[in-house]
Amino acid sequence: MIEKILPYFASYLVYIFGILLSSENKVTQQSISVLTKRSTRKIRTFLRNKVDFDRLFMDVFRLLNIDLTKGNFSFDGTIYAKPYAKVLKYLSTMYSPSDGSYTKGCEILLLTWSNGIITLPVCFRIWYKGLGKTKIEIALELIKYAQTITKSKNLSFRFDAFFNKKRILGYLQKNHIFFVTRLEKSRVVLIEKQRIQLKSISFNGRFFQVFLPGVGKVWITKYKRKFYCSNVCPNYQKQLYEWYAERWTIECVFRFVKSEAHLEDCQSTDEVQNYNHIGFCFLSYALLVALFPQVNVYEAKRLFYSKLIKKREKIVPLVLQLCA
């Protein structure tokens, strides 16, 4: 599998290896230059050519012979913090829910696919306040992109409460696409034509079919003080929560690329270089999952280092050849 996958991405391995093997706290062009024995000028030139990451992510699926209809999609956003940058045009003041503070940066909206065993990125988009589109509009684009690449109506989506807007839920309901999300306690539903807030409903460990204004008939329940909603009837009350919990895999992707791939630590002031750095961080995650699908991605990174670098196994000559 290694001999099959790595040669396909030979043009990008120098930078990916630099990301994964860097021991620096910051991923700088200088540290990658030392690791890969390339001049910083070559690295800058390489990063200035915008890469089609949508195609590269789909190539990973193709090489692994994955059927995208046999799994579920999740989409969510994460802050790409650049508090000290000044020249990137898409920087604006963003609220960071992780620590409840404001920072300068933009937001990365990511679409992932998971079958419960592995999780892979499908595509990403950058949002900032001056883009001319809302995050809801970009989320709809991600949904439509998933429809395009799968050419199937048998899709399912998981997403958090921020994206439970009528425009998204209504589109999924209209196209008979399965979704599960979380609702705010103040959300109003219709029960026997009476308007009532979720927090006023006594669930007692049950789930109900209600009418969600602007969407249609859905099933709702309350589990551990939070409210969950789907347009598919569950077999039991907790199943709505279990469906929703599957979206946690996208949070694991964000956590890995920030802590292990140094997502926010690119020091370039060029917009295209920052975009490419973001894409290569997600691509490095995808390649680790593809190379070592039997273990979690953190263990995969350790195996990548120990097997390919320290133990000098047979793949090392191939790696050196690809990076020549």
note = Those residues at least two apart in sequence (or on a different chain) that pass ring pair (Phe, Tyr, Trp, His ring centres under 6.0 Å) with Y12 are F280
inquiry  = Which residues pass the ring pair (Phe, Tyr, Trp, His ring centres under 6.0 Å) test with F9, not counting sequence neighbours?
reply    = none
Which pairs of donor and acceptor atoms, one on a side chain in residues 211-218, lie under 3.5 Å apart (sequence neighbours left out)?
none

remark   = In short, salt bridge (Lys or Arg N to Asp or Glu O under 4.0 Å) pairs touching residues 162-175 with sequence neighbours left out are E137-R167
request  = Side-chain contact test, heavy atoms from C-beta onward, threshold under 4.5 Å: evaluate it for I149 versus V122 and give yes or no.
outcome  = yes
remark   = Apart from Y236 itself, members of its ILVMFWY cluster (side-chain separation under 4.5 Å) are none
key: Common cluster, F157/L169, ILVMFWY with side-chain heavy-atom separation under 4.5 Å   = yes
message = Please verify the inter-ring angle class for F163 with F75; under 30° counts as parallel, over 60° as perpendicular, anything in between as tilted.
response = perpendicular
query = Excluding sequence neighbours, so at least two apart, what forms side-chain contact (heavy atoms from CB on, under 4.5 Å) with D67?
reply = T69, K70
Would you list the atom pairs, donor with acceptor, under 3.5 Å between side chains in residues 185-198 and any protein atom, with sequence neighbours excluded?
residue: R187; atom: NH1; partner: N164; partner atom: O; Å: 3.2
residue: R187; atom: NH1; partner: N164; partner atom: OD1; Å: 3.1
residue: R187; atom: NH2; partner: N164; partner atom: O; Å: 3.1

Cut-off 3.5 Å, no hydrogens considered: what does the side-chain donor-acceptor table look like for residues 249-258, sequence neighbours left out?
residue: T249; atom: OG1; partner: E246; partner atom: O; Å: 3.2
residue: E251; atom: OE2; partner: R247; partner atom: NH2; Å: 2.7
residue: K258; atom: NZ; partner: T78; partner atom: OG1; Å: 2.7
residue: K258; atom: NZ; partner: I79; partner atom: O; Å: 3.2

Inter- and intrachain pairs under ring pair (Phe, Tyr, Trp, His ring centres under 6.0 Å), touching residues 172-204, at least two apart = F178-W243, F203-F208, F203-F227
key: Set of residues satisfying ring pair (Phe, Tyr, Trp, His ring centres under 6.0 Å) with respect to Y102, sequence neighbours excluded   = Y95
ask   = Which residues satisfy the ring pair (Phe, Tyr, Trp, His ring centres under 6.0 Å) test with F57, sequence neighbours excluded?
value = none
task = Could you tell me whether K238 sits above the aromatic face of Y228, with NZ or CZ closer than 6.0 angstrom to the six-membered ring centre and within 45 degrees of the axis?
result = no
inquiry  = Does anything in residues 104-122 form a side chain to side chain donor-acceptor pair (under 3.5 Å)? List the pairs, not counting sequence neighbours.
reply    = E107-K135, S114-T119
